[in-house]
Protein chains: 2
Amino acid sequence: MSEQTRPPKLGRVATYAGQSLEVLRGMILDGTLAPAERINEVHLSQALGISRGPLREAIQRLASEGLVEAVPHRGVYVRSFSARELSDLYELRVALETHAVRLAARYAPQQRIDELGSMLDETESSMGSASGAYPEDPDFHARLARLAANPPLVEALTDVGRKIRLARARSAHQPRRARTALDEHREILAALVARDGEGAAAKLEAHLTSSLNNALAVLRAAEPD
Amino acid sequence: MSEQTRPPKLGRVATYAGQSLEVLRGMILDGTLAPAERINEVHLSQALGISRGPLREAIQRLASEGLVEAVPHRGVYVRSFSARELSDLYELRVALETHAVRLAARYAPQQRIDELGSMLDETESSMGSASGAYPEDPDFHARLARLAANPPLVEALTDVGRKIRLARARSAHQPRRARTALDEHREILAALVARDGEGAAAKLEAHLTSSLNNALAVLRAAEPD
DNA sequence: CTACTGACAACTGTCAACAGTTTGGCGTAG
DNA sequence: CTACGCCAAACTGTTGACAGTTGTCAGTAG
């Protein structure tokens, strides 16, 4: 009874629609709901233990985020991306992230940059051990974006990042590339520490380009149409 | 694992939720629903002649677009922007649009560029007459963005453009600036015709900066707190 | 065997009612 | 007069049922 007697903390979502949104997004991004798969509202609502109302609200938001495509009277489908669309997304991401890193080089406080460094150390130390070795660990790029201190920019990058993550859902963890990515992250950070915005942007673009090429290679290997 | 069907590609069939989305967006952008105003679901659904279900779905999408802020159990509010947020939005827009124009300078077919020119001619000829003289006519920038041939980029710019339009809802049409804007548009287009991506980007940035300054001035004049 | 027709099943879109939370007002105590 | 607490009105969140559409499949004509 007294478990939810907390005053309204901002950001806490105590609503089925809000929870469903996050659960669904997770199911799409981790592949539980595969690309091009049709979503059955009745089945899914029963699986989630809720009614169709809140579920539909969550789906609408996913549609607005571009993770799902809703065709009136015909159902909603998990979005699938072509190689061309993946390239477009990466190109957009490059534009956004290089801009972010230029801003960060100019305005970010030293402390925030240092935090990024220690985060990379942690990533490296926990890399040999567990299976949690992501080639593109989203944390680094997300934190990098936040250094630009421009919320709309961060939001735009979050959106693009989600679509990219879905687009390359097939290309699973590649521990070999993880080491390379970490090195490239360090180079970017080094330029950032030196307040060299252009250098950081160049390193970042190279990093993202090789990431795209890696994703494209995996994509074409999976379905060489 | 799961059965995969192809997403139907057909056009849009009318649905209350979809119609409400567009109507609501219009009401927000033209000021019928003022910034910081609370939206009453019952009242609004009756005004639209529909039930709360489809209306709520539309609202969810508006929330995802950032035009509206939904606080669980407390209602949804039309989003209002501070001067700082407006600046952030413009900064993001500059990054996106300059990137778009660089792409356009490299890849856009001549014909599409020429179409932009004739569009400007039409704008000019219809400027002296009617009241439809927008200082920032969205068409030019939207069409410019499309020349980049990168759909996610266009989408991102659309999102930012909507927020900006809402943020500067108070600064109404200013016919004096309309003429200036048209001239600046022509300069951008001239650089584009010359395939001078950097030049076009520079002109564009200057244009957007003066647009921001104009908006900020109007904003501070309206509420100098 | 193929092409069309009509009915059935499945699913999405919409609605009205129910339930839980927030908000503002009133009264009472200090 | 102010502060606190209770209560009712208003509103949002959720549900289950109903309605309209789409896709499928048997049955029939060519």
Side-chain angles (χ1 to χ4, degrees), chain A residues 1-25 27-28 33-34 36-64 67-79, chain B residues 2-24 27-28 33-34 36-64 67-79:
Chain A
M1 288 294 186
S2 56
E3 50 199 8
Q4 285 196 350
T5 51
R6 285 287 84 206
K9 290 285 187 179
L10 210 67
R12 276 304 331 138
V13 184
T15 165
Y16 285 161
Q19 288 175 257
S20 301
L21 174 63
E22 298 184 27
V23 171
L24 270 182
R25 207 157 39 202
M27 290 174 76
I28 291 175
L33 294 173
E37 181 176 341
R38 178 171 181 175
I39 293 179
N40 185 315
E41 294 181 0
V42 176
H43 291 162
L44 190 52
S45 67
Q46 288 172 350
L48 294 177
I50 61 176
S51 68
R52 285 174 53 221
L55 175 62
R56 282 176 62 89
E57 290 180 14
I59 288 177
Q60 291 298 322
R61 290 194 76 141
L62 288 175
S64 194
L67 294 186
V68 118
E69 194 178 358
V71 186
H73 292 287
R74 279 180 208 178
V76 309
Y77 297 80
V78 178
R79 178 109 181 254
Chain B
S2 25
E3 43 193 317
Q4 294 196 2
T5 341
R6 295 267 159 253
K9 196 59 183 178
L10 210 86
R12 314 238 149 207
V13 183
T15 166
Y16 285 160
Q19 289 175 256
S20 302
L21 173 63
E22 297 184 27
V23 171
L24 269 182
M27 291 174 75
I28 291 175
L33 295 173
E37 180 177 341
R38 177 171 181 174
I39 293 180
N40 184 316
E41 292 182 1
V42 175
H43 190 261
L44 187 53
S45 66
Q46 288 172 351
L48 294 176
I50 61 176
S51 70
R52 286 173 54 220
L55 175 62
R56 283 176 61 90
E57 290 181 14
I59 288 176
Q60 292 297 323
R61 291 194 77 140
L62 288 175
S64 195
L67 294 185
V68 119
E69 193 178 359
V71 186
H73 294 286
R74 273 180 211 177
V76 309
Y77 297 80
V78 178
R79 178 109 181 252

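Each chain gets a letter, A, B and so on, in the order its sequence line appears, and its residues count up from 1.
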CZ (B:Arg61) and CD (A:Glu57) are apart, to the nearest 0.5 Å, by 13.0 Å
CD (B:Glu37) and CD1 (B:Ile39) are apart, to the nearest 0.5 Å, by 7.5 Å
Shortest non-hydrogen pair, A:Tyr16 vs A:Pro54, comes out as CB-CB, 4.1 Å
Can you find a pair of side-chain heavy atoms, one from A:Leu55 and one from A:Leu48, that are under 4.5 Å apart? yes
Protein-proximity profile, nucleotides 12-19 of chain D, B/S/- by nucleotide at the 4.0 Å heavy-atom cutoff, equals BBBB-B--
Worksheet item: Should B:Glu69 and B:Arg79 count as an ion pair when the cut-off is N to O under 4.0 Å?
Response: no
Atom CG of A:Leu55 and atom P of C:dC11 are separated, to the nearest Å, by 14 Å
